[in-house]
There are 2 protein chains.
Amino acid sequence: MIKQELIFRDYLRAKGLKFTPERRMVLEEIFSFSGHFDVEALYDKLRHRVGGLSLATIYRTMPLLIKAGLIKEVMRCQNRPQYERCFGSPHHDHLICIKCGRVFEFREEEIERLQDKVCQRFGFRPIEHRLGIKGYCKNCQIKERNSRNV
Amino acid sequence: MIKQELIFRDYLRAKGLKFTPERRMVLEEIFSFSGHFDVEALYDKLRHRVGGLSLATIYRTMPLLIKAGLIKEVMRCQNRPQYERCFGSPHHDHLICIKCGRVFEFREEEIERLQDKVCQRFGFRPIEHRLGIKGYCKNCQIKERNSRNV
DNA sequence: TTGTAACTGAGAATCAATTGCAAATAGTCA
DNA sequence: TGACTATTTGCAATTGATTCTCAGTTACAA
Ligand SMILES: [Zn+2]
Ligand SMILES: [Zn+2]
Ligand SMILES: [Zn+2]
Ligand SMILES: [Zn+2]
């Protein structure tokens, strides 16, 4: 069995919950690609499948996947939370282009390390963190520069 | 005149907008204390004043204050955006306790510097960033430890 | 002072997200 | 295998935050 499915089943069993076809569909869809997504996008992809499922079910499945450690909320665009799978993909942070919406991922060891140092200073036990840098991507800067020259 | 008021007036004038008593009340309230706040809290404080003002007006004023560079959204708690003034207070990031909700502010120069380095690597022009670390504060860790011993 | 575009409060509308309910069903235990 | 039951589902109604509409008010430039 696929590993994420095993994890999900184990999580559900441990909580006395059921592994339903609907929950499997959501899980499969999420792990069929890598990248960011939101509830709306998930619904669009799943509603038209044979025996498509309801929006409410997706909303009810998200927290389960999060608690199972399979996905996490990583940012918020247009006032909607964006998720990504975290099982099998290493932690990273994000650059978000204000103009075109593109998202770039990075991981800077030193930043990670320094955060721990800060936490120690406060006696704070960190569970998770989120670093998002908003600005203009390379492309959008070039476009802007060109349009100025016109 | 108080400096933030001057800035706000200048911003409004430049955009052909008006400096009204309502907008002044919101501005005054925000600058009467330092710390984080949300729309709800602001409304609670302002509604009962003589000539209290409406929630809609507060909602309409927030983006103006943001664009004027006087406040900014810093995080989101219970699905509500939290703001803080940014005029006259230096940039910082946040530690947020998952249990008691307390928020601690820190500034780590080296993290700031490294972010610029990352941006350079991507040819990305940063405008703003947000770093939030969630976990358990010193107090809540102690409480938990004690309750375990019972 | 006057004219007018911007502003206000109140309530309606919107949007994402949650919830109540009755019918369906996964998973357990004979 | 078959019955049992707590969980889940879809649907529609609801919530809660935010935005919009509109008619009356007002700041402020000329
Ligand atoms: Zn871009
Ligand atoms: Zn990512
Ligand atoms: Zn705490
Ligand atoms: Zn702060």
Side-chain angles (χ1 to χ4, degrees), chain A residues 1 5-6 8-29 36-68 71 73-83, chain B residues 1 5-6 8-29 36-68 71 73-83:
Chain A
M1 195 187 301
E5 194 176 309
L6 203 60
F8 198 24
R9 293 181 92 124
D10 284 349
Y11 169 79
L12 292 172
R13 187 176 314 116
K15 295 281 179 185
L17 306 176
K18 296 171 180 174
F19 186 69
T20 64
E22 290 81 6
R23 289 176 179 169
R24 164 183 261 150
M25 280 172 77
V26 174
L27 181 69
E28 271 180 3
E29 184 57 46
H36 308 110
F37 62 90
D38 59 18
V39 170
E40 188 62 20
L42 222 44
Y43 183 52
D44 277 344
K45 289 184 182 178
L46 289 169
R47 66 195 302 187
H48 297 306
R49 277 205 191 171
V50 278
L53 75 189
S54 79
L55 194 51
T57 297
I58 298 181
Y59 274 113
R60 286 189 275 230
T61 304
M62 302 303 281
L64 300 177
L65 290 167
I66 292 173
K67 282 181 232 144
I71 66 171
E73 192 188 315
V74 285
M75 60 191 141
R76 189 171 276 268
C77 298
Q78 302 133 147
N79 205 31
R80 280 204 208 86
Q82 306 287 315
Y83 303 88
Chain B
M1 196 187 302
E5 193 175 310
L6 202 60
F8 198 25
R9 294 181 92 123
D10 283 349
Y11 169 79
L12 292 172
R13 186 176 315 117
K15 295 280 180 185
L17 305 176
K18 294 171 181 174
F19 185 69
T20 64
E22 289 81 7
R23 289 177 180 169
R24 163 184 262 151
M25 278 172 78
V26 174
L27 181 68
E28 271 180 6
E29 185 56 46
H36 307 112
F37 61 90
D38 59 18
V39 169
E40 188 61 21
L42 222 45
Y43 182 52
D44 276 345
K45 289 185 182 176
L46 290 168
R47 65 195 303 186
H48 296 307
R49 279 205 190 170
V50 277
L53 76 188
S54 78
L55 194 50
T57 296
I58 297 182
Y59 273 113
R60 287 190 278 231
T61 305
M62 302 303 280
L64 300 177
L65 290 167
I66 291 173
K67 283 182 230 142
I71 66 172
E73 191 188 316
V74 285
M75 60 192 139
R76 188 172 276 267
C77 300
Q78 304 134 146
N79 203 32
R80 279 205 213 88
Q82 305 288 315
Y83 303 88

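Residue numbers begin at 1 in each chain, while the letters A, B, ... track the order of the sequences.
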When the distance from [atom1] of [X] to [atom2] of [N] is rounded to whole Å, what number comes out?
X	N	atom1	atom2	value
B:Leu55	D:dT19	CG	C1'	11 Å
B:Tyr43	D:dG16	OH	P	16 Å
A:Arg24	C:dA26	CZ	C1'	12 Å
B:Glu22	D:dA27	CD	P	8 Å
A:Arg9	D:dT8	CZ	P	14 Å
B:Tyr83	D:dA17	OH	P	13 Å
B:Phe19	D:dA27	CZ	P	11 Å
A:Arg76	D:dA17	CZ	P	13 Å

[X], nearest nucleotide to its side chain (from [options]):
X	options	answer
B:Pro21	D:dT7, D:dA27, C:dA16	D:dA27
B:Ala56	C:dC7, D:dC20, D:dA12	D:dC20
B:Arg60	C:dG20, D:dT21, C:dC7	D:dT21
A:Tyr59	C:dA6, C:dT18, D:dA17	C:dT18

inquiry  = Counting C-beta onward and ignoring hydrogens, is there a side-chain heavy-atom pair between B:Glu28 and B:Arg49 closer than 4.5 Å?
reply    =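 Answer yes - side chains close enough.
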query = Which sits closer to the 5' end of DNA chain D, B:Thr20 or A:Thr20, going by the nucleotide each is nearest to?
reply =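 The 5'-side residue here is A:Thr20.
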query = Closer to the 5' end of DNA chain D via nearest nucleotide, is it B:Asn79 or A:Leu17?
reply =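 Here A:Leu17 is the residue nearer the 5' end.
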message = Would the distance check show the side chain of B:Arg23 and the main-chain N or O of B:Lys18 forming a donor-acceptor pair, the cut-off being under 3.5 Å?
response = yes
request  = Please tell me which of B:Gly16 and B:Ser54 maps to the more 5' nucleotide of DNA chain C, matching each residue to the nucleotide holding its nearest heavy atom.
outcome  = B:Gly16
Along DNA chain C (nearest heavy atom to each residue), the more 5'-positioned of B:Gly52 and A:Arg80 =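 It is B:Gly52 whose nearest nucleotide is closer to the 5' end.
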ask   = Reckon B:Arg23 has a side-chain N or O less than 4.0 Å from the OP1 or OP2 of C:dC7?
value =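 For C:dC7, OP1 or OP2 has a side-chain N or O of B:Arg23 closer than 4.0 Å.
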task = Using a heavy-atom cut-off of under 4.0 Å over every strand shown, decide if B:Pro63 touches base, sugar-phosphate, or nothing.
result = nothing
